Amino acid sequence: MAAVDFEALRDDFPNLADGQPPLHYLDSAASTQKPACVIESIRHCYAHEYGPVHRGLYPLAENASENYEAARRTLARFINAGTTDQVVFTRSATEAINLVASGWAATHLQSGDEIWVSQMEHHSNFLPWQRVCNQRDARLRIIPVDDRGRLDLENAPELFGPRSRLIAISQMSNVLGTINPVREVVEHARRHDIPVLVDAAQSVGHMPVDVQELDCDFLVASAHKMCGPTGIGFLYGTSARLRETEPLLLGGGMVDEVGIDHSSWAEIPARFEAGSPNLAGAVGLATAVDYLSTIGLKAIEQRVRDLTDYAYQTLEAFDEVLLYGPETGNERGGILSFNIEGIHPHDVAQVAGEQGVAIRAGHHCCQPLMQRLGVSSTARASLNFYNNEQDISALADVINETVKLFGKR
Amino acid sequence: MTDQSIYRAVLLDHFHNPRNKGDLGDMQIVRRGSNPRCGDEIEIGINCENNTLESVRFRGRGCSICLASASLMTESARGLKLTQARDLIEKMQLWFGDQGGVGPPGMGLAALGSVRQHPARKKCVLLAWQALDEILDEIERHPEIVGA
Ligand SMILES: Cc1ncc(COP(=O)(O)O)c(C=O)c1O
């Protein structure tokens, strides 16, 4: 693996390169910055290659359809899907999870069945299951999280029990940075024929993700968290599971034949993509995938790990700082949640903002996890490969300043 | 911190040395204000005599803006007639509303103005004021509580 010059890659990101005063962007877990190639591909699509997808027989439209399907092929290769039609474009990871909850769970759950999620799930991977369980008289069960922010599988003895009908867990926690042993969970679940949905919103584009190696039934992610545009995400599903899934949205483009009393659906994946497709979004996503692949996902993962180590140790050195989640090392991605003793995280984030450091403060759409941690909110710094040492020093300055302003005197 | 900082000296002073903060055990009416989204949680208590807020106190936890605003509120509301207090709350809400064209309702509160350009924090400022507003509602409904 040739060494990648990550410092030079910062110039690919207009928002980081232009910044005057400099922007220390430590909020990539919310959404990543966009490289110029992605922005340009979207502009080019609208300016020169724009036409309706799967709806026209003239060259412009045919080309648009081809570009859309080429994006699907690129994405399928990226996550190593067995076949291209296992990749369904959605608006977001959120929509993809809702699709499985309404389209698969709602039609397969019996009264008394269980869906399992973990205590660290994003509301996106929690609420759709809560609702479908309530509707079907099923139970939502929770895999607990241990004191170091890891899945406590030992204390979920019925996870693979006879009533367990679906397991939905994140590959990387958007609060704790924990990387969950998804492969291990799937292996167990397989033996009991329990499907597993992987919320990979924080992992795809940040580490190598191979759906065949994971052997999961469903996997979801959003383009905007992997250097792509907003408004597009995807669902991967095995062919067998997708065949068992009903579409979430009905409308144009997803039907074979429409009658007054009955209609039949188009083939997969078109069946799940009602409405005019998001061509520019798909093109932008494919460009992001190419961009990340060129850098190399292993190199990206290592770079973020090095930055995370450094950030973890920097924060840990402050007596006032309480860090959540696994200790630095292999078990965590580039997400660091923390609190400063006696100081509200909003004040930390506000001081940070005034110093050009973008961090997030709040419950991060993970209220069940906040309850487990016994806090109402945390401050969160999240890293991507385009961050550097200066970003982390700037964060240390923020903590010093915050303690100076609000600490006990 | 720069001049644009929302953490003006006045706010920091009220955060570090809150006025009228502490036990609400002997207050006639206590109302809670909370913002579960960020974990701000405060209680406001009052004693009222002859339609005048004789004392206004608070306790709770939250961000510096929320606590400083509560402290400032207790200072500016104490000694006001109920109608004046209502008027002050209304002016605060207008000042922090979307309308524009309304200035701070008094020099002592001007320091909160720096928060106006941060929409996400407005709720933190108004929490204490809303709780006081609810107390005034309660007095209107049940004047006997304050011996009127
Ligand atoms: C772990 C996780 N799952 C799901 C989502 C939802 O992603 P989106 O809002 O793009 O649908 C997020 C976004 O914050 C996330 O971090």
Side-chain angles (χ1 to χ4, degrees), chain A residues 20-22 27 30 122-123 127 175 320 322 324 337-380 394 397-409, chain B residues 1-19 21-22 32-43 58-73 96 111-128 130-131:
Chain A
Q20 220 33 264
D27 200 15
H122 190 278
H123 294 165
L127 297 174
V175 174
E320 303 87 345
L322 177 62
Y324 303 99
S337 272
F338 61 95
N339 268 318
I340 306 180
E341 211 186 317
I343 301 176
H344 195 285
H346 278 175
D347 288 320
V348 185
Q350 191 91 43
V351 171
E354 291 178 3
Q355 303 200 165
V357 179
I359 61 170
R360 170 122 175 231
H363 54 59
H364 316 293
C365 302
C366 288
Q367 288 182 11
L369 178 60
M370 294 296 123
Q371 286 153 21
R372 170 67 178 87
L373 299 176
V375 297
S376 55
S377 52
T378 69
R380 179 186 74 183
D397 292 344
V398 165
I399 295 184
N400 273 319
E401 179 71 20
T402 310
V403 171
K404 202 169 88 197
L405 280 174
F406 301 108
K408 293 208 178 62
R409 293 178 174 173
Chain B
M1 290 280 97
T2 61
D3 282 352
Q4 282 97 45
S5 172
I6 69 173
Y7 300 116
R8 301 288 168 85
V10 177
L11 296 189
L12 284 174
D13 177 42
H14 277 266
F15 171 73
H16 286 292
N17 312 298
R19 325 292 200 262
K21 183 168 186 229
R32 213 172 71 108
S34 80
N35 180 2
R37 284 187 71 97
C38 61
D40 289 341
E41 199 171 328
I42 53 167
E43 283 180 314
F58 83 105
R59 59 173 206 164
R61 61 199 170 96
C63 67
S64 68
I65 301 292
C66 169
L67 298 179
S69 178
S71 171
L72 279 159
M73 185 280 282
F96 272 84
L112 287 168
S114 54
V115 188
R116 290 177 66 246
Q117 48 189 318
H118 301 281
R121 306 294 300 273
K122 287 184 182 179
K123 217 174 156 183
C124 311
V125 169
L126 291 175
L127 206 57
Q130 273 151 2

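In this text the structure is predicted, and so the values were computed from the model without any measurement. Below, chains carry the letters A, B, ... as their sequence lines are ordered, and counting in each starts from 1.
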Looking at A:H346 and B:R121, what are the two nearest heavy atoms and their distance? O-NH1, 3.5 Å
Working to the nearest 0.5 angstrom, can you tell me the gap between A:H344 NE2 and B:D40 CG? 4.5 Å
Shortest non-hydrogen contact from B:G39 to A:S376? CA-OG, 3.3 Å
Residue, of B:A120, B:G62, B:C66, that accumulates the most heavy atom pairs under 4.5 Å with chain A: B:G62
Any donor-acceptor pair under 3.5 Å from B:H16 side chain to A:L405 backbone: yes
Identify the heavy atoms of B:F15 and A:F406 that sit nearest to each other, and give their distance. CE2-O, 3.4 Å
Quick check on side-chain contact (heavy atoms from CB on, under 4.5 Å): which of A:T402, A:I343, A:D347 does B:S64 satisfy it with? A:D347
